[in-house]
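All of these numbers come straight from a predicted model, not from anything done at the bench.
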Amino acid sequence: NGIVFEDYSMDKEINSTCTNNRLKVGICSEFLRYSHVVGKLFLKVLIDLTKTDLEITIYIPPGTKEIDQLELIKKHFERIIYLPKSTINAKQEIINDNLDLLFYPDIGMSDYTYMLALSRLALVQVNSLGHTNTSGIKSMDYFITSDVEPSTSDAKYTEHLIRFNRLPFNYPIPKIN
């Protein structure tokens, strides 16, 4: 087995999705904590998603720093998976969850999540402004950005750009002492 994991079956996934009443969404990030900019950008949006009928799983890579800061995630998300050190085993674990969508908020900031993203692990794979350029990965389907992104950028991304009419995150108001 090489770097790219080829055990994903699109047909199996589509059949599984058709029998499930809820969309299954995975979020894989090493930096989902308020002490890191990725957490500051995306945690509030992801917590808001828990109020929908989405079935959300948070995937935490091994060696994630500041485990004590994951309390917010533990408080809001029902399903949290601590991934094994082996990316091959982690890929199999994610595939077994039959996700409809897998979101990587910070590709390029973590070797581990980048290695995972090289393989198709969900029906749709998405990244965004946690790292503000293309992943360059063929298995990454969409890049979520805002309409500030010039239309000429499409040619510079391997992903299809999804432009929101606002920035795609909810940054908390800073506390001033």
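The environment of Asp111 atom CG is sparse: at most 12 non-hydrogen atoms of other residues, nucleotides or ligands sit within 6.0 angstrom.
With a 4.5 Å cut-off on side-chain heavy atoms, Ile47 and Phe77 count as touching. When side chains are defined from C-beta on, Ser128 does not count as touching Pro105, because their heavy atoms never get closer than 4.5 Å. For the pair Ile56/Leu46, no side-chain contact is recorded, criterion being any heavy-atom separation below 4.5 Å from C-beta on. Side-chain atoms of Tyr104 and Ser29, non-hydrogen and from C-beta on, never get closer than 4.5 Å to each other. Taking 4.5 Å as the limit, every side-chain heavy atom of Leu23 sits out of range of all side-chain heavy atoms of Glu55. Side-chain contact between His160 and Phe143 is absent, with no heavy atoms from C-beta onward closer than 4.5 Å. Asn133 has its side chain out of reach of Lys156: every pair of non-hydrogen atoms, C-beta onward, lies at least 4.5 Å apart. Annotation: side chain of Leu161 is in contact with side chain of Glu149 (closest heavy-atom distance under 4.5 Å).
The backbone N or O of Ser119 lies less than 3.5 Å from a partner atom in the side chain of Gln125, making a donor-acceptor pair. Put simply, the side chain of Lys91 gets close to the backbone of Met115: a donor and an acceptor are under 3.5 Å apart. Between the Arg163 side chain and the Val148 main chain, no donor and acceptor come within less than 3.5 Å of each other. Using modelled atom types, no side-chain atom of Arg120 and backbone atom of Met140 make a donor-acceptor pair closer than 3.5 Å. A side-chain donor-acceptor contact under 3.5 Å links Asp100 to the backbone of Lys24. With hydrogens and angles ignored, the 3.5 Å screen pairs no side-chain donor or acceptor of Arg33 with any backbone N or O of Leu70. The closest donor-acceptor contact from the side chain of Thr145 to the backbone of Phe164 lies at 3.5 Å or more, if one exists at all.
Taken together through direct or relayed side-chain contacts under 4.5 Å among Ile, Leu, Val, Met, Phe, Trp and Tyr, Ile58 and Leu72 form part of one hydrophobic cluster. Hydrophobic clustering (ILVMFWY, side-chain heavy atoms < 4.5 Å, transitive): Val126 and Val45 are in distinct clusters.
Residue Tyr112 comes nearest to Pro61 through the heavy atom pair CD2-CB, 3.5 Å, listed as atom of the first residue, atom of the second, then distance. Between Glu93 and Pro84, the shortest heavy-atom contact is OE1-CD, 3.6 Å. Nearest heavy atoms, Ser139 versus Ala117: OG-O, 2.7 Å.
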Check your understanding: Are Leu83 and Cys28 close enough, and set up right, to give a side-chain contact (heavy atoms from CB on, under 4.5 Å), and what steps lead you there?
Key -> CA-CA 10 Å; Leu83 294 171; Cys28 185; 4.1 Å; yes
Exercise for review: Kindly determine whether Ile137 and Tyr114 satisfy side-chain contact (heavy atoms from CB on, under 4.5 Å), including the steps that lead there.
Suggested key: CA-CA 9 Å; Ile137 298 173; Tyr114 191 84; 3.6 Å; yes
**Study point:** Intermediate values then yes/no, side-chain contact (heavy atoms from CB on, under 4.5 Å), Ile73 and Ile80
**Key:** CA-CA 8 Å; Ile73 289 175; Ile80 301 164; 3.6 Å; yes
Point to revise | Verdict with reasoning, Thr57 to Ile81, per side-chain contact (heavy atoms from CB on, under 4.5 Å) | key: CA-CA 7 Å; Thr57 302; Ile81 304 295; 3.7 Å; yes
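Residues passing the side chain to side chain donor-acceptor pair (under 3.5 Å) test with Ser146: none are found, sequence neighbours excluded.
Only one option out of Thr158, Val124, Leu101 pairs with Asp141 in a side chain to side chain contact (heavy atoms under 4.5 Å, CB included); it is Val124.
Between the side chains of Gln92 and Asn96, a donor-acceptor pair is found at a separation under 3.5 Å. Between the side chains of Thr113 and Glu30, no donor N or O sits under 3.5 Å from an acceptor N or O.
Here the CG atom belonging to Leu116 is positioned 8.5 Å from the CG atom belonging to Leu118, to the nearest 0.5 angstrom. Residue Asp147 holds its CG atom at 6.0 Å from CG of Asn165, rounded to the nearest 0.5 Å. Rounding to the nearest 0.5 Å gives a distance of 7.0 Å between CG of Leu32 and CG of Asp106.
Under the 30°/60° scheme for interplanar angles, the aromatic rings of Phe103 and Phe42 are found to stand perpendicular.
Aromatic ring centres of Tyr59 and Tyr82 lie farther apart than the 6.0 Å criterion allows.
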